[in-house]
Trainee: 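Submitted below is the structure of interest, expressed as structure tokens.
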Amino acid sequence: QVQLVESGGGLVQAGGSLRLSCVASARTYSTMGWFRQAPGKEREFVAAITLYGSRTNYADSVKGRFTISRDNAKNTVYLQMNSLKPEDTAVYYCNTNPPANYYWGQGTQVTVSS
């Protein structure tokens, strides 16, 4: 079974940038997505990218600030986050899109200070 491991989170000031990575233990022949869960809130969709990167999709709240990409040779999906806002604070997860329960990992914490 493929395992997904997220990394790249951290503490950043508002307006800053972070790049998240999601490494899969094997090739994922799927549309992949990033999701996030803020304290006290349900997990929500952030961005998705098709298998060969021809199409991407973003939540309205991150459009124009976040960019999803993937490198299939490295089994890795990225999320470049720019112009970060305090409301972006959350644990970020990657998964297939739509997500599969058995792929949820530990996520990576992103904290944006004002």
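Keep in mind that the numbers below use all heavy atoms, side chains included, and drop hydrogens, waters and symmetry copies. Positions are given from 1, in the same order as the sequence printed here.
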Trainee: For Thr31, does its backbone N or O pair with a side-chain atom of Arg70 as donor and acceptor, under 3.5 Å?
Mentor: no
Trainee: Heavy atoms only: give me the nearest Asn82-Ser17 pair and the separation to one decimal.
Mentor: OD1-OG, 2.9 Å
Trainee: Would you name the heavy atoms of Phe45 and Phe35 that are closest together and state the gap between them?
Mentor: CA-CD2, 3.6 Å
Trainee: Are the side chains of Phe66 and Asp88 in touch, meaning some heavy atoms are under 4.5 Å apart?
Mentor: yes
Trainee: So do the side chains of Asn97 and Met32 get within less than 4.5 Å of each other, counting heavy atoms only?
Mentor: no
Trainee: Donor-acceptor pair, Thr89 side chain versus Val112 backbone, under 3.5 Å?
Mentor: yes
Trainee: Same cluster or not: Val110 versus Val77, using hydrophobic residues (I, L, V, M, F, W, Y) connected whenever any side-chain heavy atoms lie under 4.5 Å apart?
Mentor: yes
Trainee: Ignoring hydrogens, what is the shortest heavy-atom contact between Ile68 and Gly33? Give both atom names and the distance.
Mentor: CD1-CA, 4.4 Å
Trainee: Which atom pair, heavy atoms only, marks the closest approach of Thr76 to Ser21?
Mentor: CG2-CB, 4.3 Å
Trainee: In this structure, would Val5 and Leu18 fall into the same cluster of hydrophobic residues linked by side-chain contacts under 4.5 Å?
Mentor: no
Trainee: So, taking the atom named CG in Asn75 and the one named SG in Cys22, what distance separates them when rounded to the nearest 0.5 Å?
Mentor: 10.0 Å
Trainee: Shared ILVMFWY cluster between Tyr78 and Val12, side chains joined below 4.5 angstrom?
Mentor: no
Trainee: Roughly how far apart are Glu42 CD and Gln37 CD, rounded to 0.5 Å?
Mentor: 8.0 Å
Trainee: Do the non-hydrogen side-chain atoms of Leu4 and Tyr93 ever get within less than 4.5 Å of each other?
Mentor: no
Trainee: Measure the CG-OG1 distance between Leu51 and Thr28 for me, rounded to the nearest 0.5 Å.
Mentor: 7.5 Å
Trainee: If hydrophobic clusters are built by linking Ile, Leu, Val, Met, Phe, Trp and Tyr wherever their side-chain heavy atoms come under 4.5 Å apart, do Trp34 and Val2 end up in the same one?
Mentor: yes
Trainee: Answer yes or no: is there a side-chain heavy-atom contact under 4.5 Å between Thr67 and Tyr58?
Mentor: yes
Trainee: Under the salt bridge (Lys or Arg N to Asp or Glu O under 4.0 Å) test, which residues partner Lys41, sequence neighbours left out?
Mentor: none
Trainee: Can you find a pair of side-chain heavy atoms, one from Asn72 and one from Arg27, that are under 4.5 Å apart?
Mentor: yes
Trainee: Going from OH on Tyr92 to OG on Ser7, what distance comes out if it is rounded to the nearest 0.5 angstrom?
Mentor: 15.0 Å
Trainee: Are Thr111 and Gln109 packed together at the side-chain level, in the sense that at least one heavy-atom pair is separated by less than 4.5 angstrom?
Mentor: yes
Trainee: For Gln106, I'd like to know if atom CD has over 12 heavy atoms of other residues, nucleotides or ligands within 6.0 Å.
Mentor: no
Trainee: Could you list the residues that satisfy side chain to side chain contact (heavy atoms under 4.5 Å, CB included) with Ser83, not counting sequence neighbours?
Mentor: Arg65
Trainee: With sequence neighbours excluded, what pairs up with Glu44 under the salt bridge (Lys or Arg N to Asp or Glu O under 4.0 Å) test?
Mentor: Arg36
Trainee: Between Leu20 and Glu6, is any pair of side-chain heavy atoms under 4.5 Å apart?
Mentor: no
Trainee: Identify the heavy atoms of Pro86 and Ala14 that sit nearest to each other, and give their distance.
Mentor: CD-CB, 4.2 Å
Trainee: Any chance you could measure Ser114, atom OG, to Lys85, atom NZ, to the nearest 0.5 Å?
Mentor: 14.0 Å
Trainee: With a 3.5 Å distance limit and no angle check, can you tell me whether Gln1 reaches the backbone of Tyr102 through a side-chain donor-acceptor pair?
Mentor: yes
